[in-house]
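Only a predicted model underlies this, so the values are computations on that prediction, with no experimental measurement involved. Note: hydrogens, waters and symmetry copies are ignored here, and every other heavy atom, side chains too, is used.
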Amino acid sequence: MGCCLLLVSGALSAQWLPEDLSVQATLARAQVPACPRERAEGLSLALEQGQLQGRLARLSLDLTCSRSDGGGAAGESDALSLLLTLPPIDFHVEELTLYLPRGVATGAAELRHRQRHLDILWQTESGTVSLSLLPERQGWRWQGEIPGTVLAPELGQRLTLSGGWQPGQELTLNAGGALPVPLSGDWRLQLAAIEGDAGWQLQPGSRLQIPQLRWQELELGQLELMPVGAQSLDGPWQARLSWRQGRWGGQRLPDAALVLGTSAGEGRRGSLALELSPTLRLRGHWHYGQGLALRVPEQSLPLAGLWQWLSGWLALPVGVEPSAGDLVLSLEAPDLLAPSAPVQIGLALREGRLGYRDMLAEQVAARLNLQWRQGGLHTVGTNGLTVAALDVGVPITDLSGAVQLRRGEPWLSGLTARALGGQLALSPMALTATPSGEVHFSDISLEQILGYTAVSGLTGSGKLHGRLPFSFERGFSVTGGRAHSDGGWISYQAGEELLASGASNLTLGLTLGLLSDLRYDRLEAEISMSPGGEAVIESRLQGQAPVMGRMHPVNFNYHHEENLLQLLASLRFARDLGERLPARLQGESE
């Protein structure tokens, strides 16, 4: 390089040289001994008409090895960068190769000296790279702009970057830009890596931050991707992605974290684990090929824990508490980045047990097959709900119905059940936090209903039909319920004290006589109940009843008020007590 230095000194005094003086010098090859990948070939210098020009056929730089200062420990002078031994003039480089901690980039470039720093204008296949290098102690600092496709084919916009490196210390790189379509938002990258015996390792302080991400109807805030411990750049890696303040359409999403990892020997596929809470975790697999494929195989989550997690960010029916059961979930997405590619979601409830106050639904099972397409969720295939038994104080069994999505909301339709010797049918109902609907009943046994009352001596016969409009807001309530029965009888056999009172009270005695054997042709009732359970029943009966030994036409009106929830609770208590008493009498400890 001695001739180069002579030319440099000549350049400094070129203004005193004759303008027609022409000088040329060439160098076939130069290399940094301690950094074998850093070399220069085909160097030529020319002084023509008082201007000094430089050309290089090939220049290879290794900023993670070569030094910007020849001082320091013994042998480090052998690592002095070619950039500092080249004359401080502008060079045209036909082929510039830059060695990175992982990967190589090559292209034609211009080297321009600006006082203490060096500007590199580099023409790559992806576009122009503008990089400014500044020697710092024995290392480097850099800043510039690069085409996003240099880092990833999907990054179409230019990126800003900065960073630095010192021998034996971390290499840092900061970059930022816009997310690739169909995602929207900005990202910031902070990388810290250090070279060891096992090669380059990404340090735990590295992170990718996205203040706000949007994709279709999904919004996630404060995204942060960090390595789980130190990660090798040449082997499998694992990182944790967390977010806050998410929304899906108009629905708020909970804060959560996703742990991603690659498979051994394969950087474009790996595993994932979605951490919903310390006790709730979903596992799956991802594959980045032509798009981002995602698969979550069937796995179970405890219903009670999932319900508690959901209640932290969703409005759920007040008072409903699951105590057993598992929710089985699966997901299959061929390409999450393609809006036209459908996402298949499977949900199934097994062996569920749900309570409302002290009422209980047992052996609850459900199946819901969903598909995300065209920006919305849709139900596909057969979806249903079954409940073996619903204990509200009187037994309701064999519940079954269909579940589907309408305008993005789950609906229950076609639900039927058996109760009190008859059938129940539920009108289509949206499954919201405050559901409302209408129960239709038919062939309900009047005899069984009267058997559950606390009125001694009251019996009857007949089939009841009707409807009960209900709502589930601040508790269960009924408004405008109606019932009717065509043909039947009611008998009330009063006790001795009431009969004695009737002997001296003409009205009471006549009423007790009518009720001893009232054969009705038509029974009608209006029913309402407040959320607290206070019920009002207005009954009207038309038929015949005995008066002085003969049957006479009768119109009978009856007003009844009672707390039905307390009545049902007492029935459940009495039944439970009846089941436990024999065990106690036998000396058991239950």
Side-chain angles (χ1 to χ4, degrees), residues 32 35 37-38 56 59-69 79-86 88-93 95-152 154-180 185-195 200 202-203 205-211 224-226 233:
V32 177
C35 301
R37 297 192 300 186
E38 182 149 333
L56 276 167
L59 176 63
S60 300
L61 300 177
D62 189 350
L63 299 182
T64 65
C65 174
S66 61
R67 310 294 202 261
S68 62
D69 184 353
L80 184 64
S81 174
L82 282 175
L83 288 176
L84 300 178
T85 58
L86 289 173
I89 62 174
D90 294 347
F91 275 87
H92 173 74
V93 185
E95 183 181 290
L96 172 65
T97 300
L98 182 64
Y99 288 96
L100 307 170
R102 185 178 181 183
V104 179
T106 302
E110 297 285 340
L111 301 184
R112 299 175 181 175
H113 283 82
R114 298 289 182 269
Q115 296 179 350
R116 294 187 64 246
H117 67 269
L118 182 69
D119 290 338
I120 300 177
L121 295 179
W122 186 12
Q123 302 299 324
T124 70
E125 295 180 356
S126 303
T128 302
V129 173
S130 173
L131 192 64
S132 180
L133 290 175
L134 178 66
E136 186 177 75
R137 298 193 298 276
Q138 289 187 300
W140 308 91
R141 293 205 61 80
W142 53 75
Q143 63 182 14
E145 289 187 356
I146 64 172
T149 50
V150 171
L151 296 183
E154 295 79 15
L155 298 177
Q157 300 184 11
R158 293 185 65 80
L159 310 178
T160 60
L161 57 84
S162 62
W165 174 77
Q166 291 293 324
Q169 300 181 24
E170 292 181 347
L171 180 148
T172 62
L173 176 64
N174 302 316
L179 292 170
D186 296 324
W187 58 272
R188 297 192 298 267
L189 179 66
Q190 296 176 324
L191 292 181
I194 194 166
E195 190 175 21
W200 284 93
L202 195 64
Q203 297 303 290
S206 303
R207 66 194 62 204
L208 171 66
Q209 295 175 312
I210 303 175
E224 189 171 70
L225 179 65
M226 301 179 63
L233 296 183

Can you name the one residue among Leu189, Ile146, Asn174 that meets side-chain contact (heavy atoms from CB on, under 4.5 Å) with Leu161?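 Option passing the side-chain contact (heavy atoms from CB on, under 4.5 Å) with Leu161: Ile146.
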For the pair Asp90 (side chain) and His113 (backbone), establish whether a donor and an acceptor sit closer than 3.5 Å, ignoring hydrogens and angles.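 Side chain of Asp90 to backbone of His113, a donor-acceptor pair under 3.5 Å: yes, one is there.
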Are side-chain heavy atoms of [X] and [Y] found at a separation under 4.5 Å?
X	Y	value
Arg188	Pro211	yes
Trp142	Leu173	yes
Pro147	Val129	yes
Leu225	Trp187	no
Leu83	Leu111	yes
Leu59	Thr97	no

Salt bridge (Lys or Arg N to Asp or Glu O under 4.0 Å) contacts in which one or both residues fall within residues 158-168, not counting sequence neighbours: Glu145-Arg158
Heavy-atom pair of closest approach, residues Leu133 and His117: O-CB, 3.0 Å
Out of curiosity, Leu61 CG to Leu118 CG, how far, rounded to the nearest 0.5 Å?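 Spacing of CG (Leu61) from CG (Leu118) equals 8.5 Å.
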My understanding is that only residues two or more places apart in sequence, or in another chain, count here; which of them pass salt bridge (charged side-chain N to carboxylate O under 4.0 Å, His left out) with Glu110?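 In terms of salt bridge (charged side-chain N to carboxylate O under 4.0 Å, His left out), with neighbours along the sequence ignored, Glu110 is linked to no residue.
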Please identify each residue that fulfils side-chain contact (heavy atoms from CB on, under 4.5 Å) with Cys35, with sequence neighbours left out. Val32, Glu38, Cys65, Ser66, Ala79
